[in-house]
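Contents: one structure, followed by commentary.
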Amino acid sequence: MKRLWDKYLELYQKGNLEEARQYKLFGVRPDTSANMRDKSIVPTGNKLLDMGVSPKLVWNIREGLDNAYLEWNVPVEYLELAKAYCKEVKIFVTGGFNVKKIREFEEQDVPVDFYGVGSSLIENSPETNNDFTADIVRIKIGNDWHNLAKIGRCACTNPELELIG
């Protein structure tokens, strides 16, 4: 995020606001398996609280994002811009999210912007292995798409999808 901010600020200071906008980080997605504990989580002994994408992990991420600019040596006149830059970064969560888990996160007011729910839409079992993921598989910079998926993942077209918004 710091490297993107540096380029953003450079272009912003030159008045190239449209180009600068391309260097705003839109969002982050924790990719923590349900059987792993992120190092930012102090263990409580309760797997539901400690492992995977948990409310505490998301709050840690939000706090880290929101306060990152404080370590960037930002010129005083750009502190508010840097603060807004960080606070605007969205958080995407995936991994075992279904109606119940989303409700729990919402009841706790966890700062999630988007939920990935692919696997909960259709039964997944070892025999069928029907699974959907929310991997970010490419990004658009200017007019060009750049692939960045894991091996075996790629952008797919679906004529049934419609653009919303």
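Bear in mind that the values here come from a model prediction, so they are computed numbers and not experimental data.
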Legend entry - Stepwise side-chain contact (heavy atoms from CB on, under 4.5 Å) check, N60 with I41: CA-CA 8 Å; N60 289 354; I41 303 295; 3.6 Å; yes
Honestly curious: do [X] and [Y] fall in one hydrophobic cluster under the side-chain, below-4.5 Å linking rule?
X    : Y   : answer
I102 : V58 : yes
L17  : Y85 : yes
L49  : V53 : no
L57  : M36 : no
V93  : L25 : yes

Legend entry - Donor-acceptor contact present, side-chain R62 to main-chain D66, <3.5 Å: no
Inset, instruction - Could you tell me whether a side-chain N or O of N16 sits under 3.5 Å from a main-chain N or O of E19, the two making a donor and an acceptor? - result: no
Answer whether the closest heavy-atom distance between the side chains of [X] and [Y] falls below 4.5 Å.
X    : Y    : result
H146 : R138 : no
Q22  : I141 : yes
C154 : N147 : no

Inset, instruction - Using the side chain to side chain donor-acceptor pair (under 3.5 Å) rule, take T44 and N46 through it: C-alpha gap first, then chi angles, then the decisive distance, then the call. - result: CA-CA 5 Å; T44 66; N46 181 336; 5.4 Å; no
Restricting to non-hydrogen atoms, name the atom on [X] and the atom on [Y] that form the minimum distance, rounded to 0.1 Å.
X    : Y    : value
P30  : I91  : CD-CG2, 4.4 Å
F105 : V112 : CD2-CG2, 3.8 Å
P55  : V110 : CB-CG2, 3.5 Å

Legend entry - Ion pair E106/R103, N-O distance below 4.0 Å: no
Inset, instruction - Determine which pairs satisfy salt bridge (Lys or Arg N to Asp or Glu O under 4.0 Å) with at least one residue from residues 44-60, sequence neighbours left out, and list them in order. - result: none
Inset, instruction - Report the C-alpha separation of C86 and W72 in whole Å, then their side-chain angles, then the decisive distance to 0.1 Å, and conclude whether the side-chain contact (heavy atoms from CB on, under 4.5 Å) test is met. - result: CA-CA 11 Å; C86 293; W72 292 351; 3.5 Å; yes
Within a radius of less than 6.0 Å around [atom1] of [X], do more than 12 heavy atoms belonging to other residues, nucleotides or ligands occur?
X    : atom1 : value
N73  : CG    : no
E104 : CD    : yes
E77  : CD    : yes

Mind checking side-chain contact (heavy atoms from CB on, under 4.5 Å) for [X] and listing every partner two or more places apart, or none if nothing turns up?
X    : value
K83  : Y69, E80, K87
F26  : K90, F92, F114
K140 : W145

Legend entry - ring pair (Phe, Tyr, Trp, His ring centres under 6.0 Å) partners for Y115, two or more places apart: F97
Legend entry - Between CH2 on residue W59 and CG on residue D109, distance to nearest 0.5 Å: 7.5 Å
Legend entry - Worked check of side-chain contact (heavy atoms from CB on, under 4.5 Å) between L81 and W5: CA-CA 10 Å; L81 182 67; W5 160 258; 4.1 Å; yes
Taking only distance into account, with no hydrogens and no angle test, what donor-acceptor pairs under 3.5 Å do side-chain atoms of residues 6-13 form with protein atoms, sequence neighbours excluded?
unit_1: D6; atom_1: OD1; unit_2: K2; atom_2: NZ; d: 2.7
unit_1: D6; atom_1: OD2; unit_2: K2; atom_2: NZ; d: 2.8
unit_1: E10; atom_1: OE2; unit_2: K14; atom_2: NZ; d: 3.4

